[in-house]
Amino acid sequence: MLHASIYAIYNKFKLYYYRRIFRKLESGDEDALTAIETFCAEAIYGLGRPNLTELARFINVSQPNAAYKVRCLEKKGYVRRVPSQEDGRIVHLEVTDKFVKLYGSSERYSKILAKRIKRRFPEEDVNKLEEMLSIVSEELMKEVNIYLNKPLE
């Protein structure tokens, strides 16, 4: 069943990521992130340089609450504010290399899985899968795309 296969893949990606997060939470380091901070940083990473309003809207909190979370992430060195080149009044949020190196992202596992798919299936099947997944991502995931398809400055 298609639904079950999609859910199984989604669930495995999610569990892989959670396992990585919880390993890092146990470190006890001064700059270790809480689970909420990790998810906020991951949201910033996934949204692709949102401003504070966009982040607050996405994580469904007030702007002051989002600002507090961002300040905590900044103090620990995982997020930075970057003034817009086009409009100095706009400030974008982005994760630092420290976040990417330490917490990584689902990209690592995606690359591993892509290599395995290429080894397991014929090139024409891989190309068709890539086309289908692109359509799913770009056209069929409307509920998430509304947050990602914003005009660039």
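For R81, the salt bridge (charged side-chain N to carboxylate O under 4.0 Å, His left out) test picks out E74, with sequence neighbours left out. Qualifying side-chain contact (heavy atoms from CB on, under 4.5 Å) partners for E130, counting only residues two or more places apart in sequence or in other chains: N127. Residues satisfying the ring-ring contact (aromatic ring centres under 6.0 Å, His included) test with F39, not counting sequence neighbours, are Y18. Listed by chain and number, the residues in a side-chain contact (heavy atoms from CB on, under 4.5 Å) with S62 are P64, N65 (sequence neighbours excluded). Remark: N60 engages no residue in a side-chain contact (heavy atoms from CB on, under 4.5 Å) (not counting sequence neighbours). Every residue two or more places apart in sequence or in another chain was checked for a side-chain hydrogen bond (donor to acceptor under 3.5 Å, both in side chains) with T96, and none qualifies.
Between L33 and K76, some side-chain heavy-atom pair lies under the 4.5 Å cut-off. A heavy-atom distance below 4.5 Å is not found between the side chains of V91 and S84. V82 has its side chain within reach of R49: a pair of non-hydrogen atoms, C-beta onward, lies under 4.5 Å apart.
Applying the salt bridge (Lys or Arg N to Asp or Glu O under 4.0 Å) rule to pairs touching residues 115-128 yields K128-E131, sequence neighbours excluded. Within the structure, salt bridge (Lys or Arg N to Asp or Glu O under 4.0 Å) contacts touching residues 56-71 (residues at least two apart or in different chains) do not occur. For residues 46-73, the pairs satisfying ring-ring contact (aromatic ring centres under 6.0 Å, His included) are F58-Y147, with sequence neighbours left out.
Hydrophobic cluster of L2: the remaining members, joined at side-chain heavy-atom separations below 4.5 Å, are I6, listed by chain and number.
The aromatic rings of F99 and Y78 sit perpendicular, their planes meeting at an angle over 60°, well past the 30° parallel limit. Between Y10 and Y7, the angle of the ring planes lies from 30° to 60°, which puts this pair in the tilted group.
Residue I36 qualifies as open at atom CD1: its count of foreign heavy atoms under 6.0 Å is 12 or below.
Remark: the backbone N or O of L133 is not paired with any side-chain donor or acceptor of S137 at under 3.5 angstrom. Distance alone, capped at 3.5 Å, places no donor-acceptor pair between the E139 side chain and the V136 backbone.
The CD1 atom of I90 sits 7.0 Å away from the CG atom of N51 when rounded to the nearest 0.5 Å. Here the CD atom belonging to E54 is positioned 12.5 Å from the CD1 atom belonging to I59, to the nearest 0.5 angstrom. Rounding to the nearest 0.5 Å places CG of L93 at 11.0 Å from CZ of R80.
The cluster map of Ile, Leu, Val, Met, Phe, Trp and Tyr, joined by side-chain heavy atoms under 4.5 Å apart, puts V100 and V70 in the same cluster. Criterion: ILVMFWY side-chain heavy atoms under 4.5 Å apart, direct or through other members. Under it, Y16 and F13 are part of a common hydrophobic cluster.
For the pair P50 and I44, the tightest heavy-atom approach, listed with the atom from each and the gap, is CD-O, 3.5 Å. Smallest separation of non-hydrogen atoms from L140 and E143: O-OE1, 4.3 Å. Nearest heavy atoms, L55 versus A43: CD1-CB, 4.1 Å. Closest approach of C40 and L73 over heavy atoms only: CB-CD1, 4.0 Å.
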Problem set entry | V79 vs E94, side chain to side chain contact (heavy atoms under 4.5 Å, CB included): CA-CA, chis, key distance, verdict | CA-CA 6 Å; V79 168; E94 53 182 49; over 6 Å; no
